[in-house]
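Sequence lines set the chain letters: A, B, ... in the order given, protein chains first and strands last, and positions in each chain run from 1.
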Number of protein chains: 2
Amino acid sequence: MARMTRGTRRAGSALDPVPASGVSADDGGLEAAPSAPSADGPEPDLPPLQRIQSLPSWLIGRVAARGRGLVAEALAEQGVKMMHHAVLAAVAELGPIAQADLGRRLAIDPKDLVGILNDLQADGLTVREPDPRDRRKNAVTVTPAGRDLVERCAAAAETANAQLLAPLAPAEARRLMALLARLHEA
Amino acid sequence: MARMTRGTRRAGSALDPVPASGVSADDGGLEAAPSAPSADGPEPDLPPLQRIQSLPSWLIGRVAARGRGLVAEALAEQGVKMMHHAVLAAVAELGPIAQADLGRRLAIDPKDLVGILNDLQADGLTVREPDPRDRRKNAVTVTPAGRDLVERCAAAAETANAQLLAPLAPAEARRLMALLARLHEA
DNA sequence: CGTCTACCGTTGGAACTCCCAACGAATTGC
DNA sequence: GCAATTCGTTGGGAGTTCCAACGGTAGACG
């Protein structure tokens, strides 16, 4: 609650030496901290660059964010949001499918899936009809319009993904995907 | 507006063949969609499994989500949120640093950084003092308590990351990191 | 000198994701 | 028949990410 900002106003020290470019491979030597990172024992070793932010989780997170942005941007040109495209594509691929199965496949919260399917249905891209075998379930199906749209969106998404993997040779991209798949199935 | 649910109630078809297990490597052959994905020309090739959701962006996103969860869980035991740890570690590493530079380094929105630094400062982990050279800037510094905490948090984060990369041999993990680093520097 | 532009920290708000709890309807097991 | 479970849906809330705007400050230029 009592969250104060701007407390003690004392004199400080130099602050500029951070160039903040995006390369992150080479910084000028600028560890001029007045505190004592070089006089306390318990630091075993510190890598040349960022100590914590070069962790796998951070790196993967950054790359994932960039990929998400690229795909979202590409899909925005088609007027489709990312999750809407994912659901639409999944419905187009897996014939008629129940909402719960859809949510489990795509790791989408059932609550959010309701809204997404409402939007897709309002746009005439998917149809919900009750499953005669299990009247609790909704059989979700694509309409021809939905199938057309998912085609264009898939092309846009693949372009964005190619852009994401552009720095890698095809063989390297395959290796990356294989390693990530192993982590995903864990 | 006018978002209808539960419209036309007609008879459907089979709906059960989705096992929804997590393996994703082998599905039983179940492409029994009554519509025509096999009669239209413009599809060049469709991979054996999920067509869209095996895209790099999706796979990376899923792995990133798992990594984020693991790190967040490990850090929660120390009572620290992920971004708080990231900021604290960055401040500890890069001497006194301005908030804007911090935000650019970690790709954090300035708004969110304000809240994070307020929390860290309220807990006595960091200090903001105005930079005498540029009175617009805040020089953020770690306190000894912050330096102690970041040490424990770094250990927890590294454990979580090891858990994330557990399915990979050390050489494979290094290769994955190298590939991701190339994508990140793009 | 004054003005203009750009940056700094800060605030407010929107959009999206995720989690938990509940309900009526319907299915399954006993 | 009856209990337990599942399904779709609604509701609320926490958390994250991003955008637009503001007053205060610094630097560039005339």
Check whether any side-chain N or O of B/Asn138 sits under 4.0 Å from OP1 or OP2 of C/dT10, and answer yes or no. yes
Between C1' on D/dG8 and CG on A/Asn118, what's the gap in Å once rounded to a whole number? 11 Å
Does B/Thr143 use its side chain to pair, donor to acceptor, with the backbone of B/Gly124 at less than 3.5 Å? yes
C/dT10 phosphate, OP1 or OP2, under 4.0 Å from B/Arg128 side-chain N/O: yes
Sequence neighbours excluded, which residues qualify as salt bridge (Lys or Arg N to Asp or Glu O under 4.0 Å) partners of B/Glu172? A/Arg182
With A/Leu117, the side-chain contact (heavy atoms from CB on, under 4.5 Å) member among A/Thr126, A/Val127, A/Asp112: A/Thr126
Closest non-hydrogen contact found for B/Arg66 with A/Leu183 is NH1-O, 3.7 Å
Please encode protein proximity along nucleotides 24-30 of chain C as a string of B, S and -, counting only heavy-atom distances under 4.0 Å. -BBS---
Rounding to a whole Å, what distance do you find between B/Leu113:CG and D/dC18:C1'? 14 Å
So, does A/Thr141 use its side chain to make a donor-acceptor pair with the main chain of A/Pro96 at under 3.5 Å? no
Atom CG of B/Leu117 to atom P of C/dT10: distance rounded to whole Å? 8 Å
B/Leu176/B/Leu165 under side-chain contact (heavy atoms from CB on, under 4.5 Å): CA gap, chis, key distance, verdict: CA-CA 10 Å; B/Leu176 175 66; B/Leu165 297 184; 4.0 Å; yes
Letter by letter from the 5' end, nucleotides 13-21 of chain C scores (B base, S sugar-phosphate only, - none; protein heavy atoms under 4.0 Å) B--SSBB--
So, OP1 or OP2 of C/dC8: does either fall under 4.0 Å of a side-chain N or O from B/Gln99? no
Between B/Gln121 (CD) and C/dT10 (C1'), how many Å, whole number? 14 Å
Does C/dC8 have OP1 or OP2 under 4.0 Å away from a side-chain N or O of B/Arg104? yes
Under a 3.5 Å distance rule, please check whether A/Asp134 uses its side chain to pair with a backbone N or O of A/Arg136 as donor and acceptor. yes
Does any N or O in the side chain of A/Asp131 come within less than 3.5 Å of the main-chain N or O of A/Arg133, such that one atom is a donor and the other an acceptor? yes
Integer-rounded Å distance: D/dC7 P and A/Leu102 CG: 13 Å
Is a donor on one side and an acceptor on the other found under 3.5 Å between the side chain of A/Asn138 and the backbone of A/Val140? no
